[in-house]
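Take a look at the following structure, please.
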Amino acid sequence: MRSMRFVRFGFVGLALLAGVWVVGGGGGAQAPERLGVMLEFFANPDHAPLYIAQAKGYLAQEGLNVEIREPGDPSQVPFLVASGAVDLGLTSMFNHVILRSTQDLNALAIGALLMKPLGALVAIKERGIEKITDLKGKKIGFSVEPVEPAVYSTMLRAAGLDPQRDVTFVKLDFLSLLPALLAGTVDAIGAFRNFEPVRVELAGKTPVVFAQEEYGAPEAYQLVFIARHELLAQRPGSVFRFLRALSKGVLFVLAFPEQSKEIFFQTLPQLKDELNQRAYDRTVPIFAGAPCHNDAKRWETGQNFLFDQKIISQKLPLEELFAGSFLPEGCF
Amino acid sequence: MKRLKQLGPPLSLLLALFAGWEAIVRLWSIPDYLLPAPTAIFRAIPDHLELLWLNTGITFTAIALGFLISLVSGLALGIVIFYSPTLERALYPLLIASRNVPLFTIAPLLVVWLGFGLLPKVAVAVIIAFFPIVVNTYDGLRSVDADLVNLLRTLLASRWQILRKLRLPAALPFIFSGVKLGLVYSVLGAVFAEMVVGGQVWTASGVATGGLGYWIRNATNFGHLDLAFALIFWLAGLSLALFGLVVSLERYLLRWQRVERT
């Protein structure tokens, strides 16, 4: 309760500051600066603070005209950022570390959107799975290699199971994961804890969720914004102002979840269904603290995990993975 | 009456398929998230008219441009390589190789090369629709009876006259086979591109205008299989209508063939 009050005060304070800044001419009369942002997937409640920052005019107040685009293939986003096809892009912290380490991808993480992992193993209670050890002898569907099998193997080992012998991993297309779980083709799936459990509920069943960080896997940032080095050198002010506007969006979502939900679904009315509305409620707490992605320990633990799992063969200095210098005041 | 008779068998088969599908879904209580019933699918169409309307225009533009570019360039290149053995030797292997381009890899890169929007979609449509038109044009021009060509030559016909009066009309059945395939591939290419190219922006009206392909994938992701199937049916209807147009044009231009047969 105290933390919510703090968030509200923080929000009001920031709004006042923004007002003073705009009245003081900070917004200027110049044409807004264009900034292209590519999401990592279809627009959904995971991106609420960004759409709120746009709908509430926080981005415009910062002199930015942000165009939000969806990718065709989530795995291409980092490459589109590195090539300059888009200015900023969203990807997972793990994916970013892998691409920096293995391909020297021209990009740095500049801020986070989702502060905790969404990754989880999701099963159905009615099929007799209540504890993670109940997965012994079962099939687990997943869609993204190599991180997912590594994370789930770590979780199973932490629970005393042998991932090689005790379970069978089945690679599926992302879109077929949930139908496969519901139809019983697999017994559990690697999924997002804010979405797939809702879909299980909507199908009239009881979801069982094993969150990855509760079973020994690292607490990585689920989504970070990345930008290429040239953009950071040429337009550092734009990146800083983008993150400042985003932080106002985050604070608004946290302080006024119902109002922000209404604005979000007014902006994207096609998304307004039971699934997305329930998912919205479950996603809100995961925005707390965004965009401050400068917890070095998390980056270190995440990178060590990937190294230990032999997904990367070299560890980079943390400053080659993320930059904290573009974060708004309050992140330090 | 004759037209109605022609439509009878396909319509009856379609109705029987839908009836069987509906019965299976109802009898076995198959849930919507695995297979929606045809009635649910048809109900989704009026529920999403704005979405369908906006995105049909977008997909149709990509299909039409992709098809027209493939048609013009395919016909031109088919004729050029027919008349130039050197170009034929140089280009034919490349053309065949182009058919094997792994589009799933190329499509996202097209965004980097061509930017977001219509262009990458048109490019994917052209990459796959172009091939059958070139090859069939070339094969059609080669299939002309050599005696007829010689006859025209003895009458001092120019190369252009031989092409216009003999080769092109005689090649038309081949060309139309290529054009029909090209049209189907344009639809396939444009829709596939909409699924994988990306770059959609939600408009102020609150609808993402990524095209029908984008929405098939989006609806599937959010568990709206009724909408996904409705879009597939809608797209099949659009494809059939376009195919019908080409077939009508073929019938008109090849009416001499029917006269000959009778």
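Since this is a predicted model, take the numbers as computed values, not measurements. Proteins come first, then strands; the chains are lettered A, B, ... in the order of their sequence lines, and each starts at number 1.
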- Message: Under 4.5 Å from any heavy atom of chain B, what part of A/Pro71 do you find: side chain, backbone, both or neither?
- Response: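 Just its backbone gets close to chain B.
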- Validation row: B/Tyr33, A/Leu178 side chains within 4.5 angstrom (heavy atoms):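 A side-chain contact is absent here, since even the closest heavy-atom pair is not under 4.5 Å.
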- Query: Considering only heavy atoms, which portion of A/Phe79 lies under 4.5 Å from any heavy atom of chain B: side chain, backbone, both, or neither?
  - Reply: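 Contact with chain B is absent: no heavy atom of A/Phe79 under 4.5 Å.
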- Under 6.0 Å from the NZ atom of A/Lys139, do we count more than 12 heavy atoms belonging to anything else shown?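 12 or below, so no.
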- Query: Does a side-chain heavy-atom distance below 4.5 Å link A/Leu175 with B/Arg217?
  - Reply: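 A/Leu175 vs B/Arg217: side chains touch.
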- Message: Could you walk me through whether B/Phe116 and A/Glu67 satisfy the side chain to side chain contact (heavy atoms under 4.5 Å, CB included) test, starting with their C-alpha distance in whole Å, then the side-chain angles of each, then the deciding distance to 0.1 Å, before giving a yes or no?
- Response: CA-CA 12 Å; B/Phe116 297 107; A/Glu67 191 166 56; over 6 Å; no
- Mind checking whether A/Asp273 and B/His224 have side chains closer than 4.5 Å, heavy atoms only?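 The answer is yes; the side chains approach within 4.5 Å.
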- Message: Parallel, tilted or perpendicular: which one describes the rings of A/Phe42 and B/Phe222, with boundaries at 30° and 60°?
- Response: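 The arrangement is tilted - the two ring planes meet at 30° to 60°.
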- Where do B/Thr220 and A/Arg199 come nearest, in terms of heavy atoms and distance?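 Smallest interatomic distance, heavy atoms only, reads O-NH2, 4.2 Å.
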- Between A/Tyr51, A/Phe41, A/Phe174, which shows the greatest number of heavy-atom pairs under 4.5 Å with chain B?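 The candidate making the most pairs under 4.5 Å is A/Phe41.
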- Quick one: which of A/Leu271, A/Asn44, A/Val86 has the most heavy-atom pairs under 4.5 Å with chain B, could you say?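 The answer is A/Leu271.
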- Message: Can you tell me if A/Lys125 has over 12 outside heavy atoms packed within less than 6.0 Å of its NZ?
- Response: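 Atom NZ in A/Lys125 is not packed in, count stays at 12 or less.
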- Message: Does A/Lys205, at its NZ atom, have more than 12 non-hydrogen atoms belonging to other residues, nucleotides or ligands within less than 6.0 Å?
- Response: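 Counting other residues, nucleotides and ligands, NZ of A/Lys205 exceeds 12 neighbours.
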- Item | Distance in Å, A/Gln270 CD paired with B/Asn218 CG, rounded so as to fall on 0.5 Å steps |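 A/Gln270 atom CD to B/Asn218 atom CG measures 8.5 Å (nearest 0.5 Å).
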- Message: Given heavy-atom pairs under 4.5 angstrom as the criterion, report whether the side chain, backbone, both or neither of A/Ile68 touches chain B.
- Response: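 Just the backbone, heavy atoms under 4.5 Å.
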